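Everything numeric here is computed off the predicted structure, so don't read it as measured data.
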Amino acid sequence: MFCYQCEQTAKGGCTKIGVCGKTDSTASLQDLLLHFTKGLSQVAMAAREQGIEDAEVNRFTVKAIFSTLTNVNFDDARFVKLINECAALRDRLKAKVPGVEFDGPAVLMPALDLPGLVAQGREFGVDNDPEPNPDIKSLKHTLTYGLKGVAAYADHAAILGKEDNELYAKIQALLAATLATDLTLEQAIEAGLECGRINIRAMELLDDANTSAYGHPVPTAVKLGPTAGKAILVSGHDLKDLETLLKQTENMGISIYTHGEMLPCHGYPELHKYPHLAGHYGTAWQNQKKEFAEFPGAILMTTNCIQDPKNYIDNIFTTGLVGWPGAVHVSNEDFTPVIERALAMPGFDADVDKGSVLTGFARNAVLSVADKVIEAVKAGDIRHFFLVGGCDGAKPGRNYYTEFVEQAPADTVILTLACGKFRFFDKQLGDIGGIPRLLDIGQCNDAYSAVQIALALAKAFDCGVNDLPLSLVLSWYEQKAVAILLSLLALGIRNIKLGPSLPSFITPNVLNYLVGNYNIAPITTPEADLAEILG
């Protein structure tokens, strides 16, 4: 195997077992599924040219791509099924476009057994990419990883009924473009920026899906300590799964807790209305092995980021695209096994007061007080805004983000989103004229809200976004962060500081391009970066 798609990749690329825990066979099957999905995309493009839009193919495309994102599915048997389903969908659609000549993954047949599929997958890993130009190869891989993030957001939106055939068409076209052998450097760069643009559309769709179903988030205090009684912990990102579970556990005496990226769910009125949505437990995804082992109830993993649950395998359940060998996988519509396990476990024996945190500062909440924010800036009460967020991780160097927030001057405001917030989410930073200094915008996809806030402020101050007293200090881990970064670049946003390390798939020449055109830079120290930004 060879994998370098996440920030924690070992020594430039995992070659024996992934830092995430995936095995050589799982990595190969993921590579093979992605390759078959490129072939499916080629056929979908040809069908579209003849006026054929296949809804099942479109939905499968984003599901398949999302399944290969870091920390989603580790179950080889599930990948075998997906690969065969991909080939079957491809061939069914191919029959509708007779006379069209295909090659490559559009005609490849899957091997007949698991060892054969694993061997097949090794042929199509990133280390066997035939692209001779290292910079174009780097850009192709960046595009591939960005598309994994786009697919995740498109899948979340589709679950709530929000889809866009044009978005599916562009995902398929860009995925198929990674097979091209004649891309110029300029075309490869443009493909990456186009990935960023369609990710904005995917996040917009998801924002519409979430707010249409559950209302616009409002500032909400979330209890951190447990409540005595039976308990279920919900991790991942999926709001509909949480709603379904809340409905199925009404009046059962079971408290439902959020974990990780589910924290912002408390800000949605249609979710917050359930009294047994009791609070938030734990911190970021990389701490789950300790925190989940100590949780005295059942655990439901709705999307990434699952880790090896061997110490609590009987208590954790996966749903949707998530999979781990040996963990019980349940339907999104029936969480009975999760509920039964929670009732059989001891639950928390006492109420514990650990304080609370605020969430729910999405665009509507912030822009509703935009006049106060603008007034505070003009009066000099707010000197600068920092967007400090992104994916958290376990690799050393991430304490930078805690220290940065702690050292940010008292006349600055911290906007945050995604699980990177757990480095400082419970810090008591006070307020400026009633405006909290720490504003939790939401999940990683709520970067859409952050962009809308920035655009609205730029309009109010009659300037460009890059002229605002706003700096982006981002952490990355997996491929949704890559998609968001490409979106920011597509919007022309400059001066981003990125860490804790730069992607292994970025070559020196590509990095020089990003520095020269966008002034993107690696983080250094909180003291030095604050001094540079604030002058």
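Residue-environment remark: NE2 (His272) stays at or below the threshold of 12 foreign heavy atoms within 6.0 Å.
Salt-bridge check for Arg341 with Asp314: failed, with every basic side-chain N at 4.0 Å or more from each acidic carboxylate O. Checked for salt-bridge contact, Lys289 and Glu294 miss the test: no charged N lies under 4.0 Å from a carboxylate O. Looking at Lys63 and Glu56, no side-chain N of the basic residue comes within less than 4.0 Å of a carboxylate O on the acidic one, giving no salt bridge. Comment: Asp440 engages Lys421 in a salt bridge, judged by a side-chain N to carboxylate O separation of less than 4.0 angstrom. Using a cut-off of 4.0 Å between Lys/Arg side-chain N and Asp/Glu carboxylate O, Lys240 and Glu243 are scored as not salt-bridged. In this structure, Lys372 does not pair ionically with Glu375, as no charged nitrogen and carboxylate oxygen lie closer than 4.0 Å. Between Arg363 and Asp207 there is a salt bridge, since a side-chain N of the basic residue sits under 4.0 Å from a carboxylate O of the acidic one.
Side-chain contact between Leu321 and Thr303 is absent, with no heavy-atom pair separated by less than 4.5 Å. Using a 4.5 Å heavy-atom cutoff, the side chains of Val328 and Ile313 are not in contact. Val413 has its side chain out of reach of Val373: every pair of non-hydrogen atoms, C-beta onward, lies at least 4.5 Å apart. Between Thr244 and Asp334 the shortest side-chain heavy-atom distance does not fall below 4.5 Å. Counting only heavy atoms from C-beta outward, the side chains of Pro503 and Tyr4 never approach each other to under 4.5 Å. The shortest side-chain heavy-atom distance between Leu82 and Ser67 falls under the 4.5 Å cut-off. Annotation: side chain of Asn445 is in contact with side chain of Asn210 (closest heavy-atom distance under 4.5 Å). Taking 4.5 Å as the limit, every side-chain heavy atom of Val234 sits out of range of all side-chain heavy atoms of His259.
Considering every non-hydrogen atom in both Gly360 and Ala365, the closest pair reads O-CB, 3.5 Å. The shortest heavy-atom contact between Cys265 and Leu242 is CB-CD2, 3.6 Å. Nearest heavy-atom pair, Thr227 versus Ser255, reported as atom, atom and distance to 0.1 Å: CB-OG, 4.3 Å. In terms of heavy atoms, Lys395 sits closest to Ser501 at NZ-OG, 3.6 Å. In terms of heavy-atom proximity, Leu245 sits nearest to Ile232 at CD2-CG2, 3.6 Å.
Ring centroid separation for the pair Tyr281 and Phe295 comes in under the 6.0 Å cut-off. A distance of 6.0 Å or more separates the ring centres of Tyr268 and His216. Ring centroids of Phe348 and Tyr257 are separated by less than 6.0 Å, placing the two rings close together. No close placement of the Trp285 and Phe422 rings is indicated, their centers lying 6.0 Å or farther apart.
In this structure, the side chain of His280 does not engage the main chain of Lys223 through any donor-acceptor pair within 3.5 Å. Looking at Ser475, its side chain never comes within 3.5 Å of a backbone N or O of Asp392 through a donor-acceptor pair. At least one donor-acceptor pair under 3.5 Å links the side chain of Arg437 to the backbone N or O of Thr412. Remark: side-chain polar atoms of Gln443 are not paired, donor with acceptor, to backbone N or O of Leu417 under 3.5 angstrom. Thr318 places no side-chain N or O within donor-acceptor distance of the main-chain N or O of Gly323, the cut-off being under 3.5 Å. No donor-acceptor pair closer than 3.5 Å links the side chain of Ser449 to the backbone N or O of Ala362. Remark: side-chain polar atoms of Thr416 are paired, donor with acceptor, to backbone N or O of Val388 under 3.5 angstrom. Asp381 places no side-chain N or O within donor-acceptor distance of the main-chain N or O of Gly433, the cut-off being under 3.5 Å. Within the 3.5 Å criterion, the main-chain N or O of Ala298 finds no donor-acceptor partner in the side chain of Asn315. Proximity of a side-chain donor or acceptor of Glu163 to a complementary backbone N or O of Ala157 within less than 3.5 Å is not detected.
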One pair to check against side chain to side chain contact (heavy atoms under 4.5 Å, CB included): Tyr145 and Leu69. What are the steps and the verdict?
CA-CA 8 Å; Tyr145 302 144; Leu69 190 143; over 6 Å; no

Output, in order, the C-alpha distance, side-chain angles, deciding distance and verdict of side chain to side chain contact (heavy atoms under 4.5 Å, CB included) for Ser471 and Lys497.
CA-CA 8 Å; Ser471 299; Lys497 293 198 177 294; over 6 Å; no

Can you check side chain to side chain contact (heavy atoms under 4.5 Å, CB included) on Phe292 and Asn287, steps first, answer last?
CA-CA 8 Å; Phe292 285 9; Asn287 301 321; over 6 Å; no

Pair Leu167-Asn58, side chain to side chain contact (heavy atoms under 4.5 Å, CB included): steps then yes or no
CA-CA 10 Å; Leu167 175 61; Asn58 289 343; over 6 Å; no

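Atom CG of residue Leu502 and atom CH2 of residue Trp476 lie 9.0 Å apart, to the nearest 0.5 angstrom. Atom SG of Cys20 is separated from atom CZ of Phe74 by 4.5 Å, given to the nearest 0.5 angstrom. Atom-to-atom distance recorded for Arg423:CZ and Phe404:CZ is 15.5 Å, nearest 0.5 angstrom. Here CD of Glu333 is found 7.5 Å from CZ of Phe335. Values are rounded to the nearest 0.5 Å. Between the CG atom in Leu358 and the CG atom in Asp431 there is a gap of 10.5 Å [rounded to 0.5 Å]. For the atom pair CG (Leu489) and CD1 (Ile496), the distance works out to 5.5 Å, reported to the nearest 0.5 Å.
Side-chain contact check for Tyr400 and Asp529: at least one donor-acceptor pair (N or O, by modelled atom type) lies under 3.5 Å. The closest side-chain donor-acceptor pair between Lys148 and Thr68 falls under 3.5 angstrom. The closest side-chain donor-acceptor pair between Lys22 and Asn71, if any, does not fall under 3.5 angstrom. For the 3.5 Å distance criterion, the side chains of His276 and Thr249 qualify, holding a donor opposite an acceptor. Ser235 and Gln288 are not linked by any side-chain donor-acceptor pair at a separation below 3.5 angstrom, with hydrogens and angles left out of the test. There is no side-chain donor-acceptor pair under 3.5 Å between Lys162 and His156. Counting only N and O atoms by type, the side chains of Glu527 and Gln407 include a donor and acceptor under 3.5 Å apart.
Of the listed residues (Thr220, Leu239, Thr258), just one forms a side chain to side chain contact (heavy atoms under 4.5 Å, CB included) with Leu271, and that residue is Leu239.
Ring planes of His384 and Phe386: tilted class, angle from 30 to 60°.
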